[in-house]
There are 2 protein chains.
Amino acid sequence: MTKSLAEDIREKLGSCTATERRAALALLANYPVLGLGTVAQFASAAGVSSPTILRFAARMGFSTYAALQTRLRTELEDQLKSPLAKGPESAAEPGVLDFADIACTNISDTFRQLPRTELEAVVALLGDEKRTLYLLGGRFTDALARYMAAHLRILRGRVVHVAGQEGNWRDYLVDMGRKDVLIVFDIRRYQSDLARLSVAAANLGVTIVLVTDSWLSPIASVATHVLPARVSVPSPWDSSAALMVIAETLIAGVTAADPERSKRRISMLEVYRDDDDPKRRSGRTGEVPPKDLADPQA
Amino acid sequence: MTKSLAEDIREKLGSCTATERRAALALLANYPVLGLGTVAQFASAAGVSSPTILRFAARMGFSTYAALQTRLRTELEDQLKSPLAKGPESAAEPGVLDFADIACTNISDTFRQLPRTELEAVVALLGDEKRTLYLLGGRFTDALARYMAAHLRILRGRVVHVAGQEGNWRDYLVDMGRKDVLIVFDIRRYQSDLARLSVAAANLGVTIVLVTDSWLSPIASVATHVLPARVSVPSPWDSSAALMVIAETLIAGVTAADPERSKRRISMLEVYRDDDDPKRRSGRTGEVPPKDLADPQA
DNA sequence: CGCGCCCTGTTCCATTTATTACAGAATTGC
DNA sequence: GCAATTCTGTAATAAATGGAACAGGGCGCG
């Protein structure tokens with residue numbers, strides 16, 4: 001998979017017959033779109049007959065035309081996902097800057113494809129204090145559930161972080177009802193335990209919000225709202241940065257949805273804070289500007 | 001035809017039924033490739049039935065599924081022909097896009113200012129298995145400490161997440177020594193409890209790595225390495241996205257620093273995994289690509 | 001110059017695929 | 001809580017597609 005099918009075609013061009021070559025050239029001319037339609041379309045665009053297209057596909061090493069199409073599609077998918085996978089030029093240093101850049105691209109792409117209406121619907125859901133909110137995450141994404149819960153708990157009551165072992169999760173289920181909301185974070189190497197809980201919750205009529213990767217966790221099939229994010233980075237691990245920005249966007253949305261309540265609750269909780277540094281230290285970088293949580297600026 | 005079908009879908013999303021919406025989201029999640037295959041593939045990838053896909057296509061104004069595919073193909077063709085035809089995703093709505101954009105800018109800025117040498121030094125520190133790693137976070141950043149710990153624990157031994165109440169933290173102190181490392185996440189509304197632990201650790205000769213915001217937590221004065229990040233976003237809350245990318249960069253760095261060990265440990269732990277979906281569902285988009293953790297690609 | 005081979009297109013068939021009809025399930029409104 | 005309506009999946013149908021066999025034609029070789 002390291003080299004594009006286009007290159008492959010160019011190489012094998014010599015071993016093609018005359019009309020097959022026309023087919024190949026037509027495909028290369030508008031690659032890969034031409035190969036994504038039907039054989040007949042391909043054939044007429046190349047000015048040859050259908051069987052020639054099939055023979056061409058066979059010569060390229062595909063046992064069936066569908067196989068060629070699949071190859072084309074996956075290739076296109078990869079290419080669209082990481083716009084940096086241009087030619088075969090491998091950047092000398094795939095190091096640190098790339099990683100951050102790609103994480104940024106992921107976030108941009110994620111939000112470009114996230115429908116606003118979905119976000120708004122979820123924000124409305126999360127802002128509704130009559131619904132109990134349950135947050136759940138996987139091996140790594142549990143941290144996100146926790147992070148989001150920590151914020152939401154300040155903004156509203158009835159926020160539950162489903163933590164601990166799967167065995168204990170069932171205990172949460174008994175309290176879930178039709179009006180409640182389960183927010184699940186699940187990215188690839190999808191965890192079947194999360195799916196189990198989600199399905200059980202769905203059967204209870206719980207509204208399920210799924211934050212996942214662009215391949216969609218199987219939980220999508222029982223979810224009411226799905227927020228997919230880009231997670232691929234040049235590392236064996238996936239990046240949850242985009243997931244986190246989604247979480248933060250939702251938090252910001254809930255905060256802004258009812259500014260009065262947010263302000264009130266935030267300042268109330270400020271009173272209880274004891275972990276703030278009591279003795280502000282003197283002359284650091286300019287001023288240390290603690291964001292005044294009691295006075296939302298947006 | 002001037003606007004992308006993707007936008008169209010996003011607009012009409014409101015008038016969709018629940019399952020149709022899932023189809024739409026699945027398509028948007030990996031646009032446009034998913035729409036180029038067969039209906040059955042689309043359906044299973046979206047977790048709905050075939051007729052739903054057809055109904056979705058109909059609601060989008062296509063009399064037939066083939067019409068939708070044609071539209072997708074021509075659009076793709078145009079896009080590939082003129083690479084300058086950037087998505088017309090203008091700033092329709094300032095609210096949501098701003099947030100994501102600014103989060104991106106934060107990340108870029110953060111890494112522009114992070115000295116590579118610092119990163120490398122910290123990576124070397126974290127990769128050294130002779131040192132015990134302690135991770136600690138604040139109210140919100142505890143999730144990051146947890147996230148990072150979850151990864152590091154796979155890559156190496158002797159990783160401790162300092163959790164729970166401050167009172168219990170002292171128990172960790174007794175084990176800390178001159179060779180050990182404490183990674184602290186602390187952003188504004190800096191927490192004095194974190195500072196107390198850090199100072200105590202510093203007095204024991206522990207190497208302290210601080211991940212903080214650009215105004216620098218007071219812990220900076222006792223830290224060996226400081227990694228500052230941009231956290232401001234248009235919300236009363238701060239964004240930890242840049243912190244997370246820093247964490248992920250470090251994780252990726254440690255993974256790449258000793259690929260042999262990483263590979264070995266990851267695959268060893270894979271064996272113990274029981275939470276993977278045993279029955280991979282059949283015909284997803286191309287393939288559901290679970291990143292092969294046992295075979296790092298970078 | 002004529003024979004034979006390989007290539008190419010036409011036609012047909014089998015398979016896959018999109019599509020429609022229907023019935024069950026869920027949900028909304030009263 | 002019940003009924004009407006909408007929605008969604010199952011199953012059957014019809015169309016379109018890919019694939020295979022077949023026949024005509026161009027080309028080189030003897």
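All chains are named by letter (A, B, ...) in the order of the sequence lines, taking the proteins before the strands, and each is independently numbered beginning at 1.
- Listed nucleotides C:dT8, D:dG18, C:dA18 differ in distance to A:T64; the shortest reach to its side chain belongs to D:dG18.
- Side-chain contact between A:P32 and A:E75 is absent, with no heavy atoms from C-beta onward closer than 4.5 Å.
- By the 4.0 Å N-to-carboxylate-O rule, A:E77 lies too far from A:R73 to be salt-bridged with it.
- One atom, CD of A:Q69, and another, P of C:dT16, lie 15 Å apart when rounded to the nearest Å.
- With rounding to whole Å, B:E20 atom CD is found 9 Å from D:dC7 atom C1'.
- With D:dG19, C:dT19, D:dT8 as the candidates, the nucleotide lying closest to the side chain of A:Y65 is D:dG19.
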Show each protein N/O and nucleotides 20-30 of chain C N/O combination with a separation under 3.5 Å, one pair to a line.
none

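- A salt bridge links A:E120 with A:R116: the closest approach of a Lys/Arg side-chain nitrogen to an acidic carboxylate oxygen falls below 4.0 angstrom.
- Between B:R10 and A:E118 no salt bridge is recorded (no basic side-chain N to carboxylate O distance below 4.0 Å).
- When each of A:T38, A:V48, A:T19, A:L27 is paired with A:I53, the side chain to side chain contact (heavy atoms under 4.5 Å, CB included) condition holds for A:V48 and for no other.
- The CZ atom of B:F56 sits 17 Å away from the C1' atom of D:dC7 (whole-angstrom rounding).
- Residues A:R265 and A:E129 are paired through a salt bridge, judged by an N-O separation under 4.0 Å between the basic side chain and the carboxylate.
- With distances taken from any side-chain atom of A:T19 to the nucleotides D:dG19, C:dA18, C:dG9, the minimum falls on C:dG9.
- Straight-line distance from the CD1 atom of B:I53 to the C1' atom of D:dC7: 15 Å, rounded to whole Å.
- The shortest distance between side-chain heavy atoms of A:Y190 and A:T212 falls below 4.5 Å.
- Within residues 31-50 of chain A, the residues that place at least one heavy atom under 4.0 Å from DNA chain D are, in residue-number order, A:T38, A:V39, A:A40.
- A:L126 pairs in a side chain to side chain contact (heavy atoms under 4.5 Å, CB included) with only one of the listed residues (A:L250, A:V159, A:L155), which is A:L250.
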